[in-house]
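Report on the structure given below.
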Amino acid sequence: MGLTCVVGLQWGDEAKGKIVDLLTGEHDVVVRFQGGANAGHTVVSDGRKYKLSLIPTGILHPGKICVIANGVVIDPVSLLKEIESLRSADVEVGSNLLISDRAHVIFPYHAKEEELAEEAAGAIGTTRRGIGPCYRDKVGRTHGIRVGDLLRPDYFRSRLRMVVEFKNTTLAAAAPSFSPFSADELFEQYRTLAEKIRPYVTDTTDYLHQAMDADERILFEGAQGTLLDVDHGTYPYVTSSNSSACGLATGSGVPANRVDRFLGVIKAYTTRVGKGPFPTELQDAVGDQIRDRGKEYGTVTGRPRRCGWFDAVVTRYSARLNGVNGLAVTLLDVLSELDELAICVAYVHHGERLATVPADAQTLGECQPIYRTKPGWKRDISGARKLADLPSQARDYLDTMAELVGRPVQIVSVGPDRKQTIRVGG
Ligand code: GDP
Ligand code: IMO
Ligand code: MG
């Protein structure tokens with residue numbers, strides 16, 4: 001398989017990091033194509049835990065090239081912190097990391113804008129990493145600043161002055177106590193940061209095309225999940241990028257028809273962080289049990305994740321949207337203690353049965369799930385390494401997921417460690 005895309009089919013945190021890590025050995029290049037440090041991807045190997053935010057998970061594998069492509073938004077301060085923390089964990093970061101000159105830069109005024117929006121009516125429950133305001137400036141064009149701009153001091157200085165003047169005016173109008181940003185101070189600070197990231201900066205679109213010409217195998221690492229996609233998710237309770245596989249082509253410059261395989265990652269249940277509709281949410285002891293067993297607290301913000309049953313309506317929608325060929329089912333072990341499990345097969349909305357995800361968040365929020373129940377297996381499965389090691393109830397649960405989502409299960413994860421994995425059919 002030449003090119004593979006790994007994408008989350010729910011609301012993020014599906015264990016994409018673990019699955020990308022598993023597949024990295026079969027690829028030469030790993031690419032992030034959207035989002036930013038709002039992502040938190042965890043990999044556990046031999047008892048060591050690594051958390052990646054902005055840097056592709058492939059960095060943990062020596063000899064692989066990691067690309068932060070044009071569709072990503074970069075906060076240089078958090079990027080350099082992440083590089084330092086990887087190095088202090090003996091992970092090499094150097095010529096194996098490439099950063100697009102077309103990627104947009106997050107500045108402190110973006111975080112301030114987000115803070116004000118999040119403290120007012122209409123809050124989304126964001127990660128407050130400046131992601132939304134930075135993408136807004138990118139699309140708005142008048143105030144966006146790209147990584148390549150940081151490396152052209154004269155242009156950067158004049159553009160930053162213009163942008164900071166505008167930001168100071170609008171922020172002061174929204175928050176009279178706000179202390180204005182100094183364009184000169186920001187310029188000095190970001191010029192220093194720019195020189196530190198200069199060695200990594202390149203035209204990653206050209207690099208990826210050359211890699212394809214040389215038959216290199218490329219792995220695309222989705223961040224967030226399909227239901228957080230700005231176009232196809234539960235708008236407005238979404239992130240500001242195309243976090244489904246739809247973002248791959250615009251976010252990397254690689255045509256979608258070059259990708260051989262789209263792998264959809266799904267948790268065996270559902271979680272969501274932040275606000276927004278979640279029909280199968282469990283606000284009871286079972287939800288608490290799932291949160292405890294799954295350690296469902298945000299990697300980035302530490303917020304408790306909302307937990308609920310597996311929603312096959314949402315995942316079928318996502319599987320179709322992404323053109324997913326197969327599924328990786330993760331965190332199956334978390335359900336091991338439960339007597340009975342439930343899977344949402346459809347919704348009822350004001351007496352009407354719905355088998356698809358409605359476009360508006362309000363309608364989805366009013367939907368009641370229709371469940372199919374399944375017996376639990378009540379046995380530790382974290383040592384299973386092949387399907388035959390799983391109790392029949394667990395296999396039946398997986399078969400039901402595959403049937404309802406309409407795609408085959410190719411990988412099953414039964415614990416956080418790399419080794420705690422079943423490759424179906426090989
Ligand atoms: P991502 O953002 O999609 O990469 O997912 P996160 O890393 O935010 O969240 C997944 C969490 O589940 C991490 O803490 C992983 O270490 C952990 N994890 C991954 N796979 C499994 C699994 O099969 N079982 C259990 N119990 N934990 C897992
Ligand atoms: P990974 O890659 C789960 C959520 C936030 C919020 C919404 C918008 O680890 O799966 P943003 O800061 O992006 O403007 O927040 O999106 N969110 C995530 N939820 N996993 C993520 O990333 C997320 N990244 C953003 O909680 O609801
Ligand atoms: Mg995460």
Side-chain angles (χ1 to χ4, degrees), residues 6-22 32 34-45 48-54 56-57 72-73 75 106 110-111 113-114 117-118 123-136 221-230 233-241 243 264-278 290 292-306 328-336 361 380-382 384 411-422:
V6 170
V7 64
L9 301 191
Q10 294 157 319
W11 279 280
D13 301 327
E14 298 92 347
K16 299 173 293 294
K18 170 169 174 172
I19 301 302
V20 168
D21 177 68
L22 275 177
R32 275 282 307 272
Q34 47 70 230
N38 49 349
H41 297 177
T42 318
V43 175
V44 181
S45 169
R48 283 191 87 168
K49 192 183 238 190
Y50 303 88
K51 289 185 180 186
L52 288 309
S53 269
L54 196 52
T57 298
V72 176
V73 286
D75 174 349
I106 299 178
H110 289 130
E113 288 175 328
E114 187 166 5
E118 283 293 296
I124 307 288
T126 70
T127 60
R128 300 197 183 205
R129 294 294 184 275
I131 306 289
C134 182
Y135 276 120
R136 186 166 60 209
E221 175 174 358
Q224 292 80 55
T226 303
L227 274 299
L228 289 171
D229 183 289
V230 67
T234 47
Y235 192 88
Y237 301 102
V238 291
T239 192
S240 295
S241 66
S243 52
V265 189
I266 49 181
K267 263 183 196 176
Y269 47 95
T270 312
T271 61
R272 172 162 210 173
V273 201
K275 297 189 179 194
F278 180 179
I290 292 175
D292 285 351
R293 273 193 61 94
K295 301 194 177 62
E296 294 292 359
Y297 295 88
T299 314
V300 176
T301 58
R303 289 178 290 177
R305 294 174 181 152
R306 299 158 64 192
V329 178
T330 59
L331 294 108
L332 188 65
D333 55 299
V334 171
L335 301 179
S336 290
D380 178 16
I381 58 167
S382 59
I411 296 175
V412 182
S413 174
V414 292
D417 199 275
R418 270 179 193 162
K419 292 192 214 91
Q420 293 176 296
T421 308
I422 299 169

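Because the structure is predicted, anything quoted here is derived from the model rather than measured. Every heavy atom of this structure was used, including side-chain atoms; hydrogens, water molecules and symmetry mates were not. One-based numbering, in listed order, for ligands and for the atoms of each.
- Looking at Arg48 and Ser45, their side chains never come closer than 4.5 Å, going by heavy atoms from C-beta outward.
- With a heavy-atom cut-off of 4.0 Å, Val334 touches ligand 1 through its side chain alone.
- By the 4.0 Å N-to-carboxylate-O rule, Arg129 lies too far from Asp75 to be salt-bridged with it.
- Looking only at its N/O/S atoms, Asp13 has OD1 as the one nearest to the Mg ion (ligand 3).
- Heavy atoms of other residues, nucleotides or ligands lying less than 6.0 angstrom from OH of Tyr50 number more than 12.
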Dump the pairs for me: ligand 2 N or O, protein N or O, distance under 3.5 Å, to 0.1 Å.
unit_1: ligand 2; atom_1: 2 (O); unit_2: His41; atom_2: NE2; d: 2.7
unit_1: ligand 2; atom_1: 2 (O); unit_2: Gln224; atom_2: N; d: 2.8
unit_1: ligand 2; atom_1: 9 (O); unit_2: Asp13; atom_2: OD1; d: 3.0
unit_1: ligand 2; atom_1: 9 (O); unit_2: Gly40; atom_2: N; d: 2.9
unit_1: ligand 2; atom_1: 9 (O); unit_2: Gly40; atom_2: O; d: 3.1
unit_1: ligand 2; atom_1: 10 (O); unit_2: Asp13; atom_2: N; d: 2.7
unit_1: ligand 2; atom_1: 10 (O); unit_2: Asp13; atom_2: OD1; d: 3.4
unit_1: ligand 2; atom_1: 10 (O); unit_2: Lys16; atom_2: NZ; d: 2.7
unit_1: ligand 2; atom_1: 12 (O); unit_2: Thr127; atom_2: N; d: 2.9
unit_1: ligand 2; atom_1: 12 (O); unit_2: Thr127; atom_2: OG1; d: 2.5
unit_1: ligand 2; atom_1: 13 (O); unit_2: Asn38; atom_2: ND2; d: 2.9
unit_1: ligand 2; atom_1: 13 (O); unit_2: Thr239; atom_2: OG1; d: 2.6
unit_1: ligand 2; atom_1: 20 (N); unit_2: Asp13; atom_2: OD1; d: 3.1
unit_1: ligand 2; atom_1: 20 (N); unit_2: Asp13; atom_2: OD2; d: 3.4
unit_1: ligand 2; atom_1: 24 (N); unit_2: Gln224; atom_2: NE2; d: 3.2
unit_1: ligand 2; atom_1: 26 (O); unit_2: Val273; atom_2: O; d: 3.2
unit_1: ligand 2; atom_1: 26 (O); unit_2: Arg303; atom_2: NH2; d: 2.9
unit_1: ligand 2; atom_1: 27 (O); unit_2: Gly125; atom_2: O; d: 3.4
unit_1: ligand 2; atom_1: 27 (O); unit_2: Val273; atom_2: O; d: 2.9

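- The distance criterion of under 3.5 Å between nitrogen or oxygen atoms is met by Gly17 with respect to ligand 1.
- If you check the side chains of Thr239 and Gln224, you find no donor sitting under 3.5 Å from an acceptor.
- Residues Glu14 and Leu9 have side chains not in contact (no heavy-atom distance under 4.5 Å, counting atoms from C-beta outward).
- Ranking the protein heavy atoms by distance from atom 26 (N) of ligand 1 puts Asp333 OD2, 2.8 Å first.
- Distance from atom 27 (N) of ligand 1 to its nearest protein heavy atom, with residue and atom name: Leu331 CD2, 3.4 Å.
- Interatomic distance, CD1 of Ile106 versus CG of Asn38, reported as 8.0 Å (0.5 Å rounding).
- Summarising the contacts of atom 6 (P) of ligand 1 with Gly225, Gly415, Ser336, Gly40, the nearest heavy atom is found in Gly40.
- Polar contact check, Val44 against ligand 1: no nitrogen or oxygen pair lies under 3.5 Å apart.
- Heavy-atom separations between Lys295 and ligand 1 are all 4.0 Å or longer.
- Residue, atom and distance of the protein heavy atom nearest to atom 17 (C) of ligand 1 are Pro416 CB, 4.2 Å.
- Lys18 and Thr421 share a donor-acceptor pair across their side chains, judged by distance under 3.5 Å alone.
- Considering only heavy atoms from C-beta on, Glu221 stays 4.5 Å or farther from Val6 through its side chain.
- Atoms of ligand 1 found under 4.0 Å from any heavy atom of His41 (numbered from 1 in listed order, with element): 1 (P), 2 (O), 4 (O), 7 (O).
- For atom 5 (O) of ligand 1, the nearest protein heavy atom (residue, atom name, distance) is Ala15 N, 3.2 Å.
- The nearest pair of heavy atoms linking Ser240 to Gly132 is OG-CA, 3.2 Å.
- Atom 11 (C) of ligand 1 lies below 4.0 Å from none of the non-hydrogen atoms of the protein.
- The Mg ion (ligand 3) has an N, O or S atom of Gly40 closer than 2.8 Å.
- Rounding to the nearest 0.5 Å gives a distance of 8.0 Å between CG of Leu335 and CD1 of Ile381.
- Proximity to Lys18 (heavy-atom distance under 4.0 Å) selects the following atoms of ligand 1: 20 (N).
- Of the polar atoms of Asp13, at least one N or O is found under 3.5 Å from an N or O of ligand 1, judged by distance alone.
- Protein heavy atom in closest approach to atom 15 (C) of ligand 1: Thr42 CB, 3.9 Å.
- Listed by number with element, the atoms of ligand 1 under 4.0 Å from a non-hydrogen atom of Lys16 are 1 (P), 2 (O), 3 (O), 4 (O).
- Applying the 4.0 Å criterion to heavy atoms of Arg305 picks out, from ligand 1, the atoms 8 (O), 9 (O).
- Here the heavy atom of the protein found nearest to atom 20 (N) of ligand 1 is Ser413 OG, 3.4 Å.
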